[in-house]
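Input: a single structure, listed below in structure tokens.
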Amino acid sequence: MRLQCLVAALCFGVGVMAGKYSREVNEPRPGSSDQQTVEFRIAKLNQVWEKSKRMQLSPVRQAELHSDLKLQEKDELRWKKMKVEGLDENGEEEAQLRRNFNVILAKYGMDGKRDTRSMESNSLKDHDTKEGDMFDDPRLDKLWNKAKTSGKFSEEELLSLKREFQHHKDKIHEYNILMDTVSRTEEIHKNVISPLEGDAKEHTLHQKHTELKQKMRDLNQGFERLHKLSHEGFTEDSDFREPRVIELWEAAKRSNLSKDELDSLKEELHHFETKVEKHTHYQEQLELSHQKLQHVEALGDQEHIKRTQEKYNTLAEKTREMGYKMKKHMQDLSNKISRQGLKHNEL
């Protein structure tokens, strides 16, 4: 009798542990009565998405969040497959996933903290900010105002330069988010009791500090580039226009790749830049479509509202899809550059 009770208790314990990572818990059922439409296959991502709707984010920002969550979903499903195959024994991949998820929460103001930093990165809203305080950073604002009044730039070049400044502002924000997560991890690390658990957290902390140092180096290099651009202007032989593509190209040139590899990568980056520009165009159209929808809703013509809403929904879906593909391509390119650079450094 005692043996039967012990077996039953063990089975119950295993069931509880398995439940945490089971398909039923993490992949919500499409037919469930409390959730008519399921956007993602992982429950926590659906919860974030539903919360974002209540927060009334701008259309462009909500589309960006959707793309980030889609990328997170892809990585989490890949990790689950790895776990089943007995990989990621030291939990590094899982720790990275958790960190990425926390970054998403912080980036969109869902981490429970009141973020004093500007969260809105939509360039269409720049007219809402004060002219002399556009980038929330004294060094950037000073540099931008100097470049703008220098007379060195055409109107088109100023728009390109403004995108570069905005990109750098976003990178500063990402750095601040990561620094905040490191501070939290250090606080948790102080309260660790188990030596085994302490070793694992020490390793995670070391990884985060390494990532922080790399991001700080990237920020310094990015600011040096902005400083040079602001004083010297754009050169005619500039390879790329989009800040994210320029950042990848600069990283590639620092990674000891051969000339043939760089030439091949440059061609791929040109294709990627076209994809980025197309996505930016769709974001602008989405914002305009949302403004039109608000105008039509104010008029009250239900038939007109329905048609405009359908067009807006189609455009929003297309923008999200393009955003995901663009971010996935960027992730693949980043991994490719870092892998090839590492391989060359080892040789």
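In this chain, residues are counted from 1 in sequence order.
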Any salt bridge linking E93 with K83? Criterion: basic side-chain nitrogen under 4.0 Å from a carboxylate oxygen.
no

Answer yes or no: is there an ion pair linking K259 with D263, defined by an N-O contact shorter than 4.0 Å?
yes

Determine whether [X] and [Y] fall in the same hydrophobic cluster, where Ile, Leu, Val, Met, Phe, Trp and Tyr are linked whenever their side-chain heavy atoms lie under 4.5 Å apart.
X: Y282; Y: Y312; result: yes
X: M322; Y: V276; result: no
X: L71; Y: L248; result: no
X: L159; Y: I246; result: no
X: F272; Y: L257; result: yes

Name the one of K81, R41, K44 that satisfies salt bridge (charged side-chain N to carboxylate O under 4.0 Å, His left out) with E76?
K44

So, applying salt bridge (charged side-chain N to carboxylate O under 4.0 Å, His left out) with D68, which one of K327, R61, K74 is it?
K327

Counting only heavy atoms not in [X] (residues, nucleotides, ligands), do more than 12 fall under 6.0 Å from its [atom1]?
X: K253; atom1: NZ; answer: yes
X: K278; atom1: NZ; answer: no
X: R78; atom1: CZ; answer: yes
X: K53; atom1: NZ; answer: yes
X: E310; atom1: CD; answer: yes

With distance as the sole criterion, is a donor-acceptor pair present between the side chains of Q96 and N100 under 3.5 Å?
yes

Shortest non-hydrogen contact between G109 and M55, atoms and distance
O-CE, 3.9 Å

Taking all atoms of both residues into account, what is the closest heavy-atom pair of E287 and P59, and its distance?
OE1-CD, 4.0 Å

Centroid-centroid under 6.0 Å between H66 and Y324 rings:
no

Indicate yes or no for a side-chain donor-acceptor contact from S52 to the backbone of W49 under 3.5 Å, with no hydrogens or angles considered.
yes

Would you check, one step at a time, whether the test salt bridge (Lys or Arg N to Asp or Glu O under 4.0 Å) holds for E321 with K70?
CA-CA 9 Å; E321 183 187 334; K70 204 74 182 169; over 6 Å; no

